[in-house]
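Every number for a ligand or one of its atoms is a count from 1 in the order of the listing. All values reported here derive from a predicted model rather than from experimental measurement.
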Amino acid sequence: RAKSQGRNTYCFYQEEMSREVMARLTLENALRLALAREEWVLHFQPQVHLATRRLTGVEALVRWQHPEQGLILPGRFIPIAEEMAIIGDLGAWVLRAACRQMQEWDALGCAVPRVAVNLSVQELERAALVPLVQEVLRETGLAPERLELEVTESMIMCEAGRAIETLRALQQLGVSVAVDDFGTGYSSLRYIKNLPLNRLKVDHAFVQDVGRSHDDDAIVRAIIGLGHSLDLEVVAEGVEREEQREFLQREGCEVGQGYLFGRPVPAEQIVARPLADGAR
Ligand code: C2E
Ligand code: MG
Ligand code: MG
Ligand code: MG
């Protein structure tokens with residue numbers, strides 16, 4: 001009896017596993033097709049000056065417009081694109097699309113001050129990144145100061161040599177660099193001091209309970225202080241409530257991003273807001 005149960009269990013696992021393998025293969029094939037068909041769409045989330053709510057820029061966030069499943073969020077396909085080593089192609093698409101969108105907004109008289117684009121570690125490692133950024137800037141005529149690239153702590157901590165050279169080269173072009181999800185990785189403070197960075201984005205996990213948790217208040221206050229002592233502008237991610245905005249502003253944090261100010265939306269909806277304001 002035990003034996004037959006064992007075998008059943010084995011069969012069950014095997015079936016379960018091949019189902020997983022199949023699902024994964026299907027997803028990989030669909031991703032390759034998506035790349036060829038450019039089934040991507042960018043949404044943009046506003047970043048605002050905390051004191052005035054004035055738009056300081058937008059972050060470009062990629063979505064997969066799947067023909068049957070609809071819009072798929074990056075958490076479900078970016079890690080797989082990274083493993084499949086196709087993130088370089090996807091990343092190049094995102095960079096180009098984001099800069100072109102800035103051009104389009106400019107043409108519509110709705111000047112979005114800056115666009116931020118997320119990078120994956122493989123893109124930062126590739127020697128091709130700097131020439132790609134140069135090419136896209138030239139193609140679109142976007143002023144380099146209006147492009148920001150977001151990297152995470154772990155990307156710059158473990159890929160030390162190459163990543164830093166690349167960041168320096170990008171900064172020399174005039175492009176700005178932000179550390180994304182700050183506080184969730186592992187940074188040596190002495191090390192981060194010597195990095196070519198412009199902005200620090202406090203991860204939403206710390207921002208979530210500010211104004212209601214003394215511990216989180218203390219952590220966020222410390223991160224803001226750290227950012228300022230390194231001459232970085234501080235951006236808070238995941239701001240959802242007015243009490244968070246008040247706390248952050250009081251503590252000297254310059255910029256906020258989060259549902260309180262706006263969710264990620266298609267480009268047209270970013271245009272609508274400043275035009276409507278400016279027209280009045
Ligand atoms: P991220 O760069 O930290 O982006 C912020 C994420 O937080 C976005 O999720 C955004 O929708 C979400 N968010 C914004 N405001 C709030 C808020 O007030 N509350 C809550 N709960 N969440 C908020 P999304 O769009 O699903 O993106 C997830 C991650 O995927 C991004 O995190 C980024 O690491 C990655 N990603 C997105 N687009 C790209 C891309 O083009 N290239 C690469 N390499 N990664 C990307
Ligand atoms: Mg980001
Ligand atoms: Mg982030
Ligand atoms: Mg994040």
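For the Mg ion (ligand 3), the nearest N, O or S atom contributed by Glu237 is named OE1. Sorting the N, O or S atoms of Glu59 by how far they are from the Mg ion (ligand 2) puts OE2 first.
Annotation: Glu82 places no N or O atom under 3.5 Å from an N or O atom of ligand 1; distance criterion only. Checking only distances, Val62 does come within under 3.5 Å of ligand 1, N or O to N or O. Ligand 1 has an N or O atom lying under 3.5 Å from an N or O atom of Ser120, backbone or side chain.
Side-chain contact check for Gln171 and Asn198: at least one donor-acceptor pair (N or O, by modelled atom type) lies under 3.5 Å.
For the residues Val207, Asn118, Ile87, Val94, the heavy atom positioned nearest atom 42 (N) of ligand 1 is part of Asn118. Ranked by closest heavy atom to atom 25 (O) of ligand 1, the top entry among Gln45, His43, Arg63 is Arg63. Nearest residue to atom 8 (C) of ligand 1 from Leu124, Asp180, Val117, Leu61 is Leu61 (criterion: closest heavy atom). Nearest to atom 21 (N) of ligand 1 by heavy-atom distance, out of His204, Met155, Glu240, Arg76, is Glu240.
Between Val220 and Leu248, the closest side-chain pair of non-hydrogen atoms falls below 4.5 Å.
Put simply, Asp181 gets within reach of the Mg ion (ligand 3), with an N, O or S atom under 2.8 Å from it.
Figure legend: cation-pi geometry between Arg263 and Tyr259, with NZ or CZ positioned under 6.0 Å from the six-membered ring centre and within 45° of its axis.
Contact analysis puts Glu237 in contact with ligand 1, with a non-hydrogen atom separation below 4.0 angstrom.
Ionic pairing of Glu148 and Lys201 is not present here: no N-O contact between side-chain nitrogen and carboxylate oxygen is shorter than 4.0 angstrom. Between Arg100 and Glu104 no salt bridge is recorded (no basic side-chain N to carboxylate O distance below 4.0 Å).
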**Request:** Please step through side-chain contact (heavy atoms from CB on, under 4.5 Å) for the pair Val177 and Val151, ending with a clear verdict.
**Result:** CA-CA 7 Å; Val177 179; Val151 298; 4.1 Å; yes

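Note: angle at the Mg ion (ligand 2), from OE1 of Glu150 to OD2 of Asp180, is 80° (rounded to 10 degrees).
Under the side-chain hydrogen bond (donor to acceptor under 3.5 Å, both in side chains) criterion, Glu242 pairs with Arg53, Arg245, not counting sequence neighbours.
Judged as a side-chain hydrogen bond (donor to acceptor under 3.5 Å, both in side chains), the pairs with a partner in residues 219-231 (not counting sequence neighbours) are, in order, Arg221-Glu251, His228-Glu254.
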